[in-house]
Amino acid sequence: MKKFTVQHLATAAVVGAAYAVLSIFGSVFGVTFGPVQCRFAEALCVLPFFFPETAGGLFVGCLITNLLSPYGLLDIVIGSLATLLAAVLTARCKRKWLAPLPPVVCNGLLVGGMLAWEQVGFTDAFAATFALNAASVALGELLACYGLGSLLLWRLPTISFFKSRMSKA
């Protein structure tokens, strides 16, 4: 990434705010938190492919959202760091079709593990509970990132306002 500018900061802030608003809106429908979740806002996790500076905004937006999580401090830390890791990996993707994959994998593994630990601790049931939660979270991520996020990946480069600001096209 080139020099970090005020425009980059503003872009990150807008994406972070959009993530928080979309996630909190999704909680009205019960799809933001829990083992079965599909955060609409996770579609924004593909944006670092074009705009690497949005990784920090996604982290802050997720952090704000997770302050409302029923899983408390654990979700605030692990869930937010999972989104940051996914955003950084997405920014490093070389192919557009791979950009939605890091959020699916990172959130599936990290959030799935956190949910399993919250439900059964490190007991004999952890492995099965982890597998179920990881698959459930990854499926929600798959729908959000490959479904809605792919629309962003393919449409944003056709809009002149965004095209001129993209690091990749």
Side-chain angles (χ1 to χ4, degrees), residues 1-23 26 31-32 35-66 75-116 130-169:
M1 185 167 77
K2 298 180 247 175
K3 183 180 166 191
F4 194 76
T5 65
V6 172
Q7 182 177 355
H8 290 145
L9 180 62
T11 302
V14 168
V15 169
Y19 184 100
V21 168
L22 286 170
S23 293
V31 296
T32 298
V36 178
Q37 60 179 264
C38 184
R39 288 187 183 181
F40 313 123
E42 286 293 313
L44 300 175
C45 288
V46 302
L47 291 178
F49 180 77
F50 294 126
F51 309 103
E53 67 272 12
T54 61
L58 289 166
F59 169 70
V60 172
C62 186
L63 183 72
I64 291 167
T65 300
N66 288 342
D75 196 18
I76 293 168
V77 174
I78 293 176
S80 301
L81 288 176
T83 296
L84 178 61
L85 177 61
V88 168
L89 292 174
T90 298
R92 295 172 188 245
C93 283
K94 301 292 183 209
R95 305 242 188 271
K96 195 184 290 188
W97 64 273
L98 285 174
L101 188 59
V104 174
V105 173
C106 291
N107 283 292
L109 293 175
L110 295 173
V111 175
M114 179 208 63
L115 291 171
F130 169 71
L132 183 63
N133 283 314
S136 174
V137 171
L139 179 62
E141 289 290 319
L142 193 73
L143 292 171
C145 295
Y146 272 100
L148 297 172
S150 291
L151 292 173
L152 289 172
L153 286 170
W154 270 265
R155 295 303 301 159
L156 283 180
T158 64
I159 301 169
S160 60
F161 175 81
F162 295 112
K163 188 174 186 169
S164 64
R165 290 164 173 76
M166 291 182 176
S167 64
K168 303 172 196 167

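Side chains included, hydrogens not; waters and symmetry mates left out as well; all remaining heavy atoms used.
In this structure, Phe51 CZ and Arg165 CZ are separated by 8.5 Å, a value rounded to the nearest 0.5 Å. In this structure, Phe49 CZ and Leu156 CG are separated by 11.5 Å, a value rounded to the nearest 0.5 Å. Rounding to the nearest 0.5 angstrom, the gap separating the CD1 atom in Ile78 from the SG atom in Cys106 is 13.0 Å.
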* Go through the steps to decide whether Leu110 and Leu81 satisfy the test side chain to side chain contact (heavy atoms under 4.5 Å, CB included), and finish with yes or no. => CA-CA 9 Å; Leu110 295 173; Leu81 288 176; over 6 Å; no
* To do: Carefully, step by step, assess Leu152 and Leu148 under the rule side chain to side chain contact (heavy atoms under 4.5 Å, CB included).
  => CA-CA 7 Å; Leu152 289 172; Leu148 297 172; over 6 Å; no
* To do: Decide side chain to side chain contact (heavy atoms under 4.5 Å, CB included) for Lys96 and Trp154; before the verdict, give the C-alpha distance in whole Å, the side-chain angles of both, and the deciding distance to 0.1 Å.
  => CA-CA 9 Å; Lys96 195 184 290 188; Trp154 270 265; 3.8 Å; yes
* Please assess Glu42 against Leu143 for the test side chain to side chain contact (heavy atoms under 4.5 Å, CB included), listing each intermediate value before the final yes or no. => CA-CA 9 Å; Glu42 286 293 313; Leu143 292 171; over 6 Å; no
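The closest donor-acceptor contact from the side chain of Asp75 to the backbone of Asn66 lies at 3.5 Å or more, if one exists at all. At distances below 3.5 Å, at least one donor-acceptor pair connects side-chain atoms of Thr90 with backbone N or O atoms of Ala99. The closest donor-acceptor contact from the side chain of Thr158 to the backbone of Arg155 lies under 3.5 Å. Looking at Ser23, its side chain does come within 3.5 Å of a backbone N or O of Tyr19 through a donor-acceptor pair.
Taking all atoms of both residues into account, the shortest heavy-atom contact from Ile64 to Ala20 is CG2-CB, 4.0 Å.
Around atom CH2 of Trp97, no more than 12 heavy atoms belonging to other residues, nucleotides or ligands sit under 6.0 Å away. By the 6.0 Å contact criterion, CZ on Arg92 is open, its count of non-hydrogen atoms from other residues, nucleotides or ligands being 12 or less.
Annotation: side-chain contact (heavy atoms from CB on, under 4.5 Å) contacts of Thr5 (sequence neighbours excluded): Gln7, His8.
Side-chain atoms of Val111 and Glu141, non-hydrogen and from C-beta on, never get closer than 4.5 Å to each other. With a 4.5 Å cut-off on side-chain heavy atoms, Thr83 and Cys45 count as touching. Using a 4.5 Å heavy-atom cutoff, the side chains of Leu63 and Ile76 are in contact.
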